[in-house]
Asks: 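Pasting a structure below so you can have a look.
Letters A, B, ... are given to chains in the order of the sequence lines, protein chains preceding strands, and every chain is numbered from 1. This one's a predicted model, so the numbers in the text were calculated from it and none came from an experiment.
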Amino acid sequence: METQQEQLLKTPLNRLHRELGAKLVPFAGYEMPVQYPAGVVREHLHTREAAGLFDVSHMGQIVISGTGVREALESLVPVDLGKLSDDQQTYAVFTNAEGGIEDDLIITRWSEEQYFLVVNGACKLQDLAHLQANLPDFSIEYLDGRGLLALQGPAARGVMQQLAPEAAALTFMNGVRVSIDGVSCYVTCSGYTGEDGFEISVAAEDAEAIARKLLDFTEVEPIGLGARDTLRLEAGLCLYGHDMDQATTPVEAGLLWSISKPRRTGGEKQGGFPGAQKILAQITDGTQMKRVGFVVQGRAPVREGAELVNASGQPIGRVTSGGFSPTLNVPIAMGYVEIDYIAPDTEVFALVRGKPRALKVARMPLVSQRYFRG
Amino acid sequence: MSDIRNELKYVSSHEWIRLEEDGTVTIGITDHAQDSLGDVVYVETPEVGTALAEGDEAGVVESVKAASDIYAPISGEVVAVNEVLEDAPETVNESPYDDGWFFRMQPSDASELDKLLDADGYREVVDSE
């Protein structure tokens, strides 16, 4: 136990987390705050009502540069990067030869020859190896240790207005380089809560000062991984390794919207990414299973791994994320079911400690997203 | 520091036990346990009339983060459950030793009560975690 803890990496905000009384747990190889003294429910509701500050420095930040880098990246993701202008970003997935998902990521175009990638903490080393193996002719710079802060919630924009007005003018999925108190930051209008808000990439040595500056605002409270998970679950956002993985395709995962039209059958840049044949066939022919959201009937939470059955008790799927929604005050979940059961309001059952618990398929997001699109 | 009350008995699985004047025992989870769990959102108590042996699963307490089993600290029959927890599970966080009790048992073997930990014994359990 102790040797394990010694091996855990620390983010640039580790000292601040301790000072704030965080409960620290191992996550993606880092010692991360799961909650602060306020607790998951209060932290969650505060983010929905005001603004929350999240340390997401465990995520991987990678810069790829070189002539022709756009086409090279497009060979790994089913996205048309040509539609992005400078400082615009897009969601994407790295697919594998079987059409499964290796990771999901955000790609920001910094210039025609330079792209900035943010990938999951638990996948970042594999992602790096994947990029190095497939794009050997490009400069791939892993910004190891760089800080990444997320400021999320309806009060986030007002706070940003007082620190960096140019960033406060951003619309969803756009970025800008700004100076906050003389510290150079790359700010994007993005996040993982369903709220309006920002993500701030900052050098490790400046991350704590920026975090303290944000926490000085009465609207801003520190938020841990516990609330980050309940917020993203309400917002219908996938957690890699749980709601999708190497054996799940983006079509099954309900991420068809992330596959650019030009990369689909009949598009001008059709295919050309790993697993394209399977994924494009699924777009046309459909899939056997699909990811859906659930509202649990009753009070007992239904957790990840619970088997789903129909009214006759036949297995029809499984829960991949489950917990309690502080906003709706009911248990909610996400999971995969056979295609006959995906319609909203379909009743299915989860076996929890031997007892069947009713769930209703619900349209995602379960709590409305409030992205600022201008 | 979590609140460990001297007048109560404990087991190492973080339940507390109060000996009532009528010979029954009241059972709940400790302040330390509710603090580790975080915000409690669901409690499943045993049914009145259930016969439980020491160490049997008696119910479940679920926080936003995780589910955790509740064990019978002694053998006996369940004679009452705290129905408040059905609609207000957060009572477990707010008042773990009073309003947030889980269930009451009629012990079938009084000698089991002697094996329960006192406050100092439970303090050692918490400190060793």
Asks: Run the side chain to side chain contact (heavy atoms under 4.5 Å, CB included) test on B:K65 and A:V40 for me, step by step, so that the C-alpha distance in whole Å, both residues' side-chain angles and the decisive distance to 0.1 Å come before the verdict.
Replies: CA-CA 8 Å; B:K65 288 179 287 183; A:V40 177; 4.2 Å; yes
Asks: Just checking B:E7: does its CD atom have more than 12 heavy atoms from other residues, nucleotides or ligands closer to it than 6.0 angstrom?
Replies: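 Result for CD/B:E7: enclosed.
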Asks: Within a reach of under 6.0 Å around CZ of A:R353, are more than 12 heavy atoms found that belong to other residues, nucleotides or ligands?
Replies: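 Yes, CZ of A:R353 has more than 12 neighbouring heavy atoms, counting only those of other groups under 6.0 Å.
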Asks: Does anything in residues 49-56 of chain A get under 4.5 Å of chain B by heavy atoms, and if so which residues?
Replies: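 Not one residue of residues 49-56 of chain A has a heavy atom under 4.5 Å from chain B.
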Asks: In terms of heavy-atom contacts, does CD of B:E124 have more than 12 from other residues, nucleotides or ligands at under 6.0 Å?
Replies: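 12 or below, so no.
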Asks: Please determine whether a side-chain nitrogen of the Lys or Arg among B:E62 and A:R303 lies less than 4.0 Å from a carboxylate oxygen of the Asp or Glu.
Replies: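 Salt bridge between B:E62 and A:R303, a charged N being under 4.0 Å from a carboxylate O: yes.
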Asks: Can you say whether B:V43 sits under 4.5 Å from chain A via the side chain, the backbone, both, or neither, judging by heavy atoms?
Replies: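 No part of B:V43 comes within 4.5 Å of chain A.
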Asks: Counting heavy atoms not belonging to B:E20, are there more than 12 under 6.0 Å from its CD?
Replies: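 Yes, CD of B:E20 has more than 12 neighbouring heavy atoms, counting only those of other groups under 6.0 Å.
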Asks: Any side-chain heavy atom of B:V41 sitting closer than 4.5 Å to one from A:P301?
Replies: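 Yes, their side chains come closer than 4.5 Å.
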Asks: With chain B, which of A:R42, A:H44, A:R357 has the greatest number of heavy-atom pairs at distances under 4.5 Å?
Replies: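 Max contact count across the listed options: A:R357.
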Asks: Report the C-alpha distance between B:D35 and A:K23 in whole Å, list the side-chain angles of each, state the deciding distance to 0.1 Å, and finish with yes or no for side chain to side chain contact (heavy atoms under 4.5 Å, CB included).
Replies: CA-CA 11 Å; B:D35 185 59; A:K23 225 172 251 182; 4.1 Å; yes
Asks: Flag the one option from A:S325, A:G323, A:A300 with the top tally of heavy-atom pairs under 4.5 Å to chain B.
Replies: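 Greatest number of close heavy-atom pairs with chain B: A:A300.
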Asks: Answer yes or no: is there an ion pair linking B:E44 with A:K355, defined by an N-O contact shorter than 4.0 Å?
Replies: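 Result for this pair is yes, salt bridge flagged.
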Asks: Would the number of heavy atoms belonging to other residues, nucleotides or ligands and lying under 6.0 Å from CZ of A:R15 be above 12?
Replies: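 No - once you tally the heavy atoms of other residues, nucleotides and ligands closer than 6.0 Å, there are 12 at most.
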Asks: Does CD belonging to B:E86 count more than 12 external heavy atoms closer than 6.0 Å?
Replies: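 No, the 6.0 Å shell around CD holds no more than 12 heavy atoms from other groups.
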